[in-house]
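What follows is a set of notes on a single structure, which appears directly below.
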Amino acid sequence: MWQAQVFVTFKRGVLDPQGEAIRGALGALGFDGVEQVRTGKYMQVRLRAADEAEVRRRVDEMCRRLLANPVIEEYRFDLAPAGEAGK
Amino acid sequence: MTAMKFGIVVFPGSNCDADAYEAVRLLGAGARYIWHEERSLGDTDCVILPGGFSYGDYLRAGAIARFAPVMAAVERHAGRGGLVLGICNGFQILLEAGMLPGAMRRNESLRFECRPTCLRVERTDLPFTSLCQPGQVLQVPVAHAEGNYFLGKSELQALEDAGQVVFRYVTPAGAEGPGANPNGSVNNIAGIVNAAGNVLGMMPHPERVVEPLLGGSDGRLILGSIIASWQGGARSA
């Protein structure tokens, strides 16, 4: 069993209105010097696969076909062996 | 003359399906609902992907709906030149399915924008706008949180050059400018069509303005154009 930690973020140059709002709120709280906040999505995917190469190939395809929208988003992921049960 | 038949796709979470159904029937067309698990559109002449929150907008608006079984049939229908109209969530689904270029971001205001907007008709040679005058301003309401249309610079230029922008947010006088665009979409884009001219996606809701009692009837021009074009001999399928 493997676990993938998938991070989906907006591409550089794509406006992130939520990030902008958070940046403003941080300023209102008195956090100075915050130049930018970018939001994104974090997903954990647990899957079975023969080896790491196969996990990498399948998770990459998941990202391309569903988890990220290539028009506005980019993605990266980390892989680690995972136990059979638990969370 | 047999009536044109609309097929209105119903996803879990669609909530403008009944409005679309009633609107096209009011204009004299036939209509039926098509459940998202169906694999055939039957004798549908024009498919409507209605507004709503298909699959709860999980992941991204439209991202899950595009994999519904019915979407393969919708793509075949479009590939044969059949008419497809995606309204609001339906537009988002068409983008996620790659049937139209681009993607939707959260509204610039971060609010759910629910209000009348003015749209300038940029093309009248389409089955969706044949009853409109060039440059005509229509009042049609929007109701969405993710209608902030985005397309990269070079592709956006190609879209504009190909004349695929059909509706733009404008002031009542027909000018582009601050305040007219409810969501921050690039080039004030409210609706676009595919290169072949048979698949239209738009964020505003024409089905909500088909009777003066409901606040306006400009939606009749868009839905009526589809029916008039079909009656005019475009019934190719």
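In the text below, chain A, chain B and the rest are named by the order of the sequence lines, each starting its count at 1.
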Original post:
Measuring from A/I22:CD1 to B/L110:CG, what's the distance to the nearest 0.5 Å?
Top reply: 9.0 Å

Original post:
If you look at every heavy atom in B/F150 and A/V71, which pair is closest and at what distance?
Top reply: CE2-O, 3.9 Å

Original post:
Which atoms form the tightest heavy-atom contact between B/A63 and A/L66, and what is the distance?
Top reply: O-CD1, 3.7 Å

Could you please show the donor-acceptor pairs under 3.5 angstrom between chain B and chain A, with distances rounded to 0.1 Å?
unit_1: B/L59; atom_1: O; unit_2: A/K41; atom_2: NZ; d: 3.1
unit_1: B/R60; atom_1: NH1; unit_2: A/L66; atom_2: O; d: 3.0
unit_1: B/R60; atom_1: NH1; unit_2: A/L67; atom_2: O; d: 3.1
unit_1: B/R60; atom_1: NH2; unit_2: A/L66; atom_2: O; d: 2.8
unit_1: B/E96; atom_1: OE2; unit_2: A/N69; atom_2: ND2; d: 3.1

Original post:
Among A/P70, A/P17, A/A21, which has the most heavy-atom pairs under 4.5 Å with chain B?
Top reply: A/P17

Original post:
Is it the backbone or the side chain of B/L59 that comes under 4.5 Å from a heavy atom of chain A, or both, or neither?
Top reply: both

Original post:
More than 12 foreign heavy atoms under 6.0 Å from CZ of B/R39: is that the case here?
Top reply: no

Original post:
What residue pairs, at least two apart or across chains, pass ring-ring contact (aromatic ring centres under 6.0 Å, His included) with a residue in residues 87-120 of chain B?
Top reply: none

